[in-house]
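Written below as structure tokens is the structure these notes are about.
Quantities reported herein were computed from a predicted structural model and do not represent experimental measurements.
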Amino acid sequence: ERPEKMGYPIEGVVEEGGGGAEAEQPIAFYLQTADATRGEAVFRKCAACHTINQGGANGLGPNLWANMGAPVAHVAGFNYSDALRSHGGNWTWDNMSAWLKSPRQFAPGTKMTFAGLSDPQERADLMVYMNAQ
């Protein structure tokens, strides 16, 4: 009789396409229910290194006021890593989400030591808060 599943498992080989984690929705999906008040609470994780008020000082990280939509590495007087300075582009919703998810994957060689925010809703909430600033 024909077996239910053809072939046989080979030890040490990982099957592609099956059994993996479900793919994450695009950030636009989470932005639909994002909340700036929750984002303000998430920003407390950032406040150790960043300010977000207009005219705020740079700290270990640059001031983040009016950051959404601005060019990557745009804050005058802040010493960005070569990785971030050479990245190019603007802080779009997608770019910011990728940065917040994993700064090291977004710009390998970045000086930012923050591990990232794995929860996409938390990233969306934070970005809505940042955009309101």
Side-chain angles (χ1 to χ4, degrees):
E1 290 184 34
R2 184 176 177 98
E4 279 184 42
K5 186 174 181 181
M6 299 299 292
Y8 54 91
I10 301 173
E11 192 172 321
V13 175
V14 177
E15 185 176 349
E16 290 184 16
E22 189 175 313
E24 185 177 292
Q25 295 281 343
I27 196 63
F29 174 82
Y30 301 98
L31 287 169
Q32 295 174 45
T33 57
D35 179 72
T37 302
R38 290 191 313 246
E40 184 175 13
V42 175
F43 188 78
R44 291 184 194 126
K45 297 176 184 181
C46 312
C49 299
H50 297 278
T51 59
I52 197 161
N53 56 316
Q54 184 176 10
N58 293 327
L60 290 175
N63 174 274
L64 299 176
W65 187 80
N67 203 49
M68 293 301 294
V72 173
H74 73 281
V75 176
F78 187 77
N79 185 22
Y80 290 97
S81 64
D82 290 338
L84 202 53
R85 214 175 11 255
S86 65
H87 190 278
N90 290 338
W91 286 121
T92 63
W93 298 98
D94 290 327
N95 276 347
M96 184 60 75
S97 179
W99 169 256
L100 292 172
K101 183 176 183 178
S102 176
R104 289 185 193 103
Q105 283 184 353
F106 181 83
T110 183
K111 294 188 285 187
M112 187 163 163
T113 58
F114 183 64
L117 298 171
S118 59
D119 181 349
Q121 189 62 61
E122 201 171 49
R123 293 193 308 268
D125 292 341
L126 176 58
M127 290 189 301
V128 166
Y129 170 71
M130 290 173 66
N131 192 54
Q133 304 307 305

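Taking both residues in full, the closest heavy atoms of T92 and M68 are given as O-CE, 4.2 Å, listed atom of the first, atom of the second, then distance. Residues A73 and L84 approach most closely at CB-O, 4.0 Å, considering heavy atoms. Listed here is the closest heavy atom pair of K111 and N79: NZ-O, 2.7 Å. Residues V72 and G88 approach most closely at CG2-O, 3.6 Å, considering heavy atoms. When all heavy atoms of G109 and A83 are compared, the closest pair comes out as C-CB, 3.7 Å. Across every non-hydrogen atom of F78 and N58, the tightest pair is CB-ND2, 3.9 Å.
Note: L64 CG to Q133 CD = 10.0 Å, rounded to the nearest 0.5 Å. Taking CZ of F114 as the start and SG of C46 as the end, the distance is 6.0 Å to the nearest 0.5 Å. In this structure, the separation between CG on L126 and CG on N131 is 11.0 Å, given to the nearest 0.5 Å.
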Just list the side-chain donor-acceptor pairs under 3.5 Å for residues 93-103, sequence neighbours left out, or say none.
from, atom 1, to, atom 2, distance (Å)
N95, ND2, N90, O, 2.8
S97, OG, R123, NE, 3.1
S102, OG, Q105, N, 3.3

V42 and Y129: CA distance, side-chain angles, deciding distance, side-chain contact (heavy atoms from CB on, under 4.5 Å) verdict: CA-CA 9 Å; V42 175; Y129 170 71; over 6 Å; no

R104 vs T113, side-chain contact (heavy atoms from CB on, under 4.5 Å): CA-CA, chis, key distance, verdict: CA-CA 8 Å; R104 289 185 193 103; T113 58; 4.1 Å; yes

Steps toward side-chain contact (heavy atoms from CB on, under 4.5 Å) verdict (N67, H74): CA-CA 8 Å; N67 203 49; H74 73 281; 2.7 Å; yes

side-chain contact (heavy atoms from CB on, under 4.5 Å) between T33 and Q121, worked out: CA-CA 8 Å; T33 57; Q121 189 62 61; 3.1 Å; yes

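Remark: S118 pairs with no residue by the side chain to side chain donor-acceptor pair (under 3.5 Å) rule, at least two apart or across chains.
The hydrophobic clustering, which links ILVMFWY residues whose side-chain heavy atoms are closer than 4.5 Å, places M112 and W65 apart.
With contacts defined as side-chain heavy-atom distances shorter than 4.5 Å, the pair P62/Y80 qualifies.
Identified under the side-chain hydrogen bond (donor to acceptor under 3.5 Å, both in side chains) test for residues 34-53, with sequence neighbours left out: R38-D125, K45-E122, T51-N63.
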